[in-house]
Amino acid sequence: MTAPSSSMDIGVPAAVRSLPRIALLTTGGTIAGAAASESDSLRYAAGALGGDALLRAVPALARIAQIETIAVAAIDSKDADPAFWCALTETVRATRARDDIDGIVITHGTDTLEESAYWLDLMLAAGKPVVLTAAMRPATALSADGPANLFDAVTLAGDTSARDLGVLVTLQNRIHAARDIVKVSSHALDAFASPAGGPLGWVQDGRVGWLRRRHLASLTARDETGSTPSSPLRQTLFGEVPSGASGDRLEARLHVRRLQPSDLPDVEVVVQYGGASPHLIDALLTHGVRGIVVAGTGNGTVNAALMAAMQRAVAAGVIVIRSSRAADVHVSANAAVDDDGEGFVASGTLNPYKARIRLMLALAVGLSERSAMQACFNLA
Ligand code: SIN
């Protein structure tokens, strides 16, 4: 934590001065939703309440942090788009750079939280904690979940152990990596999971504990005594740059980029299902999209009609990513499909929506060659 600035602290009691200074960036969502009745958890206006109202609902926050609220947006997260993501990125960067801020909390809608969190994870360099949170019930509901989630998010953002771990998300006492978190329930309070590896840790009653990070630390120790300090495993787990490929690491390019919405190319998602036709892909080609992510079945497989349309897309110079509509995605390159032969890119463990964000950002910084794109996805 940085030392408090003296000008700001005149008249502030010492016990408060030593508390972490958190910026609460509000963007809308159900966590800030208001309904006509407290028994209404489905019909409500998302993003109706401002940051001060969210804070007033959790008086205990005054014991754990000094909080400044910043309104970024007041949207239902279904309306999140590249313009929103670019603006949010710049606000987080500017706020995080301030000496009088120790950590950032972002309140967000649950519906596209995984997309915004992953976008920020790619765009932001390591440093002060950035934590997203949300709620499944509006703020006016019986047993609203937002207040406890907000308390946990502020706890986590004020904890120095959360630095340098990428963008984090906390809901229902769990800490998830932005890269892994997925909304798995349309209605349950416990609506999020990290299918690929489980949560990173927990937050409870003002305390933070790590699960997977400890596991990674033990792998580090093993590697440090072993003979492969820069193995592909370490590169994947710790985001290390493989030797000779530093310029190819997407994040390294994004951390120094200020993107405008117009920099983001048109990339769409198409789903495989029983009897899926090629019409959508053919229409997208007419429209001139730069990339198509296919949410295939199982290991990213598609029927003959979609396969032929994907081949036409590759022939037209469009990047085609194979992901999966399964809840827990792992699409291996050159396994069920000959990706190298066909000119496709396998998404690995990125679901279609996160694969779309990675592809948009990779195209925006000038990556366009198929094998470079597969290498970029191998490092995701
Ligand atoms: C939204 O995503 O903004 C609305 C739904 C929610 O937050 O749960």
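Whatever order the structure lists them in is the order used to number ligands and atoms, beginning at 1. The residues of the chain are indexed from 1 along the displayed sequence. The figures here come from the full heavy-atom set of this structure, side chains too, leaving out hydrogens, waters and symmetry mates.
What sits closest to atom 5 (C) of ligand 1 on the protein, heavy atoms only, is T30 OG1, 3.1 Å. The single protein non-hydrogen atom nearest to atom 8 (O) of ligand 1 is T110 OG1, 2.4 Å, given as residue, atom name and distance. Among all protein heavy atoms, the one lying closest to atom 2 (O) of ligand 1 is S77 OG, 2.6 Å.
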Inset, instruction - Given side-chain contact (heavy atoms from CB on, under 4.5 Å), test M123 with V92 step by step and report yes or no. - result: CA-CA 10 Å; M123 293 299 295; V92 174; over 6 Å; no

Legend entry - Full working for side-chain contact (heavy atoms from CB on, under 4.5 Å) between V169 and H108: CA-CA 10 Å; V169 183; H108 197 285; over 6 Å; no

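The shortest N or O to N or O distance between D111 and ligand 1 is under 3.5 Å.
Checked for salt-bridge contact, R257 and E251 miss the test: no charged N lies under 4.0 Å from a carboxylate O. Taking the charged nitrogens against the carboxylate oxygens, R370 and D339 have no contact shorter than 4.0 Å, which rules out a salt bridge.
Close approach of ligand 1 to A135 (heavy-atom distance below 4.0 Å) involves ligand atoms 7 (O), 8 (O).
Within the structure, every pair that satisfies the side-chain hydrogen bond (donor to acceptor under 3.5 Å, both in side chains) test and touches residues 259-269, not counting sequence neighbours, is listed here: D266-H287.
Heavy atoms of A134 found under 4.0 angstrom from ligand 1: none, in either backbone or side chain.
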